[in-house]
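Accompanying notes for the structure given below.
Treat the numbers as computed from the prediction; the structure is a model and nothing was measured.
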Amino acid sequence: MFSASSLPRVLHAHPAALPLGLSLLTTTAILFGNAGLSAAGPLPIIDGTLGPLGVPLSARQKVGVWAKFFRRAAILVVGGTALTTLSSLLAAYLTPSASVRWLALTSAAASASVIGYTIPVLGPTNARLLALDAAQAGFSPAEDREAEALIVKWNRRHVVRFAFFGIANFAALAASYVERPF
């Protein structure tokens, strides 16, 4: 049975338990948070997946909604990805178990791969959508078409990152199970 007084003993016997727990918590929040937002957040509203709004959004409005979402989400996802990568690396360093080390390193690599994928694959699309959002004037017909295409492209490429977060989450879960201090 676990009690607060046994915590120092548990952490001494299982030094990777806390960083693994943090990694698991963070990857779970990012993975399922992104899945929820992709199913019922701003993107399904923008692309009409949730049904008509009554008043159709212009391409300019769609880019504006995307940009507001992106600016907030980018901070959380980048911070969470860094946190889960570092906590998985710390767990790999702290554990005496080769199995836990391998799983923690797999989680760290999968988490870090999100950034490695995002910068070259989504970066140019992000930059162009943010530039369109910053434009003060209305969109030309060509910019309307470009904005619509960029949002579709971003959404398609964004969901690929679920695979990276899914691998990271599963590896952190498996490592936590193997390390299980309680």
Side-chain angles (χ1 to χ4, degrees), residues 20-89 106-174 176:
L20 281 174
L22 183 59
S23 178
L24 180 58
L25 177 68
T26 307
T27 58
T28 300
I30 294 172
L31 175 64
F32 291 102
N34 269 292
L37 288 171
S38 291
L43 292 172
I45 291 170
I46 290 169
D47 70 14
T49 304
L50 291 179
L53 294 174
V55 178
L57 295 176
S58 69
R60 179 131 197 47
Q61 290 169 320
K62 290 177 181 182
V63 169
V65 170
W66 175 89
K68 286 184 185 324
F69 163 74
F70 173 80
R71 285 186 181 100
R72 175 64 60 91
I75 293 166
L76 298 173
V77 171
V78 170
T81 301
L83 181 61
T84 192
T85 301
L86 293 173
S87 60
S88 292
L89 288 172
T106 299
S107 181
S111 294
S113 295
V114 170
I115 302 299
Y117 170 83
T118 300
I119 291 171
V121 175
L122 282 169
T125 304
N126 294 345
R128 183 61 186 140
L129 282 166
L130 290 169
L132 285 169
D133 183 57
Q136 297 301 314
F139 289 175
S140 69
E143 288 172 324
D144 275 348
R145 288 187 300 278
E146 179 188 17
E148 296 278 354
L150 286 169
I151 288 171
V152 168
K153 181 180 182 180
W154 185 90
N155 201 20
R156 255 188 279 125
R157 292 181 173 184
H158 164 70
V159 298
V160 171
R161 300 184 310 176
F162 288 10
F164 296 119
F165 283 125
I167 292 166
N169 188 254
F170 179 77
L173 177 62
S176 297

### Query
Between OG1 of T106 and CZ of F170, what distance do you get to the nearest 0.5 Å?
10.5 Å
### Task
Find the distance between CG (N126) and CG (D133) and round it off to the nearest 0.5 Å.
12.0 Å
### Query
Taking all atoms of both residues into account, what is the closest heavy-atom pair of G21 and S176, and its distance?
N-OG, 4.4 Å
### Task
Given side-chain contact (heavy atoms from CB on, under 4.5 Å), test V152 with D47 step by step and report yes or no.
CA-CA 8 Å; V152 168; D47 70 14; 5.8 Å; no
#### Entry: I151/L129 under side-chain contact (heavy atoms from CB on, under 4.5 Å): CA gap, chis, key distance, verdict
CA-CA 8 Å; I151 288 171; L129 282 166; 3.9 Å; yes
### Task
Locate the shortest heavy-atom distance separating V77 from I30; write the atom from each residue and the value.
O-CD1, 4.2 Å
#### Entry: Side-chain donor or acceptor of Y117 paired with backbone N/O of L122 under 3.5 Å
no
### Summary
Heavy-atom closest pair (V121 atom, R157 atom, distance to 0.1 Å) is O-NH1, 3.2 Å
### Shortest non-hydrogen contact between T118 and V114, atoms and distance
OG1-O, 2.6 Å
### Query
Measuring from R128:CZ to E143:CD, what's the distance to the nearest 0.5 Å?
6.0 Å
### Query
At their closest point, which heavy atom of P44 faces which heavy atom of L37, and how far apart are they?
CD-O, 3.6 Å
### Summary
Separation between CG (L24) and CG (L20), nearest 0.5 Å, reads 8.5 Å
### Message
Within this structure, what is the NZ-CG distance for the pair K62 and D144, rounded to the nearest 0.5 Å?
### Response
9.5 Å
## Note on the structure
Closest heavy-atom pair, L130 versus A67, reported as atoms and distance to 0.1 Å, is CD2-CB, 4.2 Å
### Task
Walk me through it: do F165 and N169 pass the test side-chain contact (heavy atoms from CB on, under 4.5 Å)?
CA-CA 6 Å; F165 283 125; N169 188 254; 5.9 Å; no
### Query
Counting only N and O atoms by type, is there a donor-acceptor contact under 3.5 Å from the side chain of T84 to the main-chain atoms of T81?
no
### Query
Are S88 and S23 linked by a side-chain donor-acceptor pair shorter than 3.5 Å?
yes
### Query
For I46 and F69, what are the C-alpha separation, side-chain angles and deciding distance, and is it a side-chain contact (heavy atoms from CB on, under 4.5 Å)?
CA-CA 11 Å; I46 290 169; F69 163 74; over 6 Å; no
### Task
First locate atom OG1 of T27, then atom CZ of F164, and finally report the distance between them rounded to the nearest 0.5 Å.
15.0 Å
### Query
Between H158 and W154, what is the ring plane arrangement, given parallel below 30°, perpendicular above 60°, and tilted in between?
parallel
